[in-house]
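Read the structure below first, then the notes.
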Amino acid sequence: MRLATWNVNSVKARLPRLLPWLAETGPDVLCLQETKCPDGAFPVTEVGALGYQVASHSDGRWNGVAILSRVGLDDVRVGFTDEPGFPEPEARSISATCAGTRVWSIYVPNGRTTDSPHYRYKLDWLAALRTALGDELRAGAPLVVCGDFNVAPTDADVWDPALFVGSTHVTPAERDALARLRALGLRDVVPTPMKGPHPFTYWDYRAGMFHQNKGMRIDLVYATEDFADRVTAAYVDREARKGKSPSDHAPIVVDISE
DNA sequence: ATGCCGCACTAAGTGCGA
């Protein structure tokens, strides 16, 4: 099975990139984030023509997550128990069972700055996610959490750690929240960079950040041991960040043996 | 060359992203 995750920064704007990418890469399951697509406007016909079922969760202009699958899409759940909001819960989590694996697509709140209420919201959201995942892991099925975690796990996951001192995405509290997810039994499936030493997944649109490879690894794949042990390859598809009208994130592609 | 911000909403200006 081939699984992928991609923050597309608007599924509508990215459709001319998404459709050929699906046809060429052929993931069996694709987790999307920042679809920015109102309910009912998701291009289900276009991706359906490529053989994919869609489960999406939207709140209009911002956020939005989805799962595309051509190997089944059952027991879809939007959000999770006791999910924090700002003030109301936003469209940041959707999960489904695909070919026997519980798949989550998540878009963690940005946090903005460490003195912002959005930062508290981010930490609370990650803590509640941990609780919800812990509950689901007791069921014992293989599980994988994919998405834009908005946290760089280590200093090697940002292009210049000195520039990030005092910023969100790198604080001990955020990294501890990730460590607590791993402590549930989830393993960080680190992709191959394809170029350079760092498997960055995000490069700002501005100032030529991509061509200087000044990026961050903030899109992650966290998998249960039984799933992670079956991973045969994982890579960052930098090609999708090139060319006309790309997302500012690149997809991660993971191959798993049956 | 991978190339110097883009998206949504709405109608030029703002909010957001990390």
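Because only heavy atoms are used, hydrogens play no part in the values below, and waters and symmetry mates are left out as well, while side chains stay in. Every chain is numbered from 1 and lettered A, B, ... according to where its sequence line falls, protein lines coming before strand lines. Keep in mind that what you see is a predicted model, and the values were worked out from it rather than measured.
Taking only side-chain nitrogens and oxygens, A:Ser10 comes nearer than 4.0 Å to OP1 or OP2 of B:dA8.
Residue pairs satisfying the side chain to side chain donor-acceptor pair (under 3.5 Å) criterion with at least one member in residues 140-157 of chain A, sequence neighbours excluded, are listed as follows: A:Asn7-A:Asp148, A:Asn150-A:His169, A:Thr154-A:Asp157, A:Asp155-A:Arg175, A:Asp157-A:Arg217. For residues 26-80 of chain A, every residue pair satisfying the ring-ring contact (aromatic ring centres under 6.0 Å, His included) rule, not counting sequence neighbours, is listed here: A:Phe80-A:Trp125.
Using a 4.0 Å cut-off between charged nitrogen and carboxylate oxygen, A:Arg2 and A:Asp255 count as a salt-bridge pair.
Each of A:Asn9 and A:Val108 was assigned the nucleotide of DNA chain B with the nearest heavy atom; the assignment lying further toward the 5' end belongs to A:Asn9. Along DNA chain B, the nucleotide closest to A:Lys242 and the one closest to A:Asn63 are compared, and the more 5′ of them pairs with A:Lys242.
Between A:Gln212 atom CD and B:dA1 atom C1' the separation is 14 Å, expressed in whole Å. We find that CZ of A:Phe86 is positioned 10 Å from P of B:dG17, with the value rounded to whole Å. Residue A:Arg206 contributes atom CZ, which lies 14 Å from atom P of B:dC7 at whole-angstrom precision. Taking atom CG of residue A:Asp204 and atom C1' of nucleotide B:dA18, one finds them 7 Å apart after rounding to whole Å. Look at OH on A:Tyr202: it is 12 Å from P on B:dG6, rounded to the nearest Å. Here the P atom of nucleotide B:dG17 and the CD atom of A:Gln33 are 15 Å apart, to the nearest Å. Straight-line distance from the CE atom of A:Met209 to the P atom of B:dG6: 14 Å, rounded to whole Å. Separating the CZ atom of A:Arg241 from the P atom of B:dA1 is a distance of 17 Å, rounded to the nearest angstrom.
Under the 3.5 Å distance criterion, the side-chain polar atoms of A:Glu90 are left unmatched by any main-chain donor or acceptor of A:Pro109. Side chain of A:Arg14 to main chain of A:Ser245: a donor-acceptor pair is present (N/O by atom type, distance under 3.5 Å, no hydrogens or angles). A:Ser69 contributes a side-chain N or O that, together with a main-chain N or O of A:Val71, makes up a donor-acceptor pair within less than 3.5 Å.
The side-chain heavy atoms of A:Phe227 and A:Leu3, taken from C-beta on, include a pair separated by under 4.5 Å. A:Leu186 is listed as a side-chain neighbour of A:Leu143, based on a closest heavy-atom distance under 4.5 Å.
How far OG of A:Ser247 is from CH2 of A:Trp203: 10.0 Å, rounded to the nearest 0.5 Å. Taken from NE2 in A:His249 to CD in A:Glu34, the straight-line distance is 6.0 Å, to the nearest 0.5 Å.
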Give me, pair by pair, the N or O atoms of the protein and of nucleotides 13-16 of chain B that are less than 3.5 Å apart, along with how far apart they are.
| residue | atom | partner | partner atom | Å |
| --- | --- | --- | --- | --- |
| B:dC16 | OP1 | A:Arg112 | NH2 | 3.3 |
| B:dC16 | O5' | A:Arg112 | NH2 | 3.3 |

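The gap from the C1' atom of B:dA8 to that of B:dC4 amounts to 23 Å, rounded to the nearest Å. With both ends at atom C1', the span from B:dT14 to B:dG3 equals 28 Å, rounded to whole Å. Of the C1' atoms belonging to B:dA18 and B:dG6, the separation is 14 Å, rounded to the nearest Å.
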Table please: side-chain donor-acceptor pairs of residues 126-134 of chain A below 3.5 Å, with sequence neighbours left out.
| residue | atom | partner | partner atom | Å |
| --- | --- | --- | --- | --- |
| A:Arg130 | NE | A:Arg180 | O | 3.4 |
| A:Thr131 | OG1 | A:Ala127 | O | 3.4 |

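In this structure, A:Gly111 reaches neither bases nor backbone, as no heavy-atom distance under 4.0 Å exists between it and the strands shown. Residue A:Tyr107 is in sugar-phosphate contact alone, with no base atom involved, counting any heavy-atom pair closer than 4.0 Å across all strands shown. Counting any heavy atom pair closer than 4.0 Å across all strands shown, A:Asp248 reaches no nucleic acid atom.
Against DNA chain B, the stretch residues 155-167 of chain A makes no heavy-atom approach under 4.0 Å. Of the residues in residues 12-26 of chain A, those lying under 4.0 Å from DNA chain B by heavy-atom distance are A:Ala13, A:Arg14.
Aromatic ring pairs are classed by plane angle as parallel below 30°, tilted from 30° to 60° and perpendicular above 60°; the pair A:His118 and A:Phe86 is parallel.
Of the listed residues (A:Val29, A:Val221, A:Thr5, A:Val144), just one forms a side-chain contact (heavy atoms from CB on, under 4.5 Å) with A:Val254, and that residue is A:Val221.
In this structure, the nucleotide among B:dA18, B:dC9, B:dG6 sitting nearest to the side chain of A:His169 is B:dA18.
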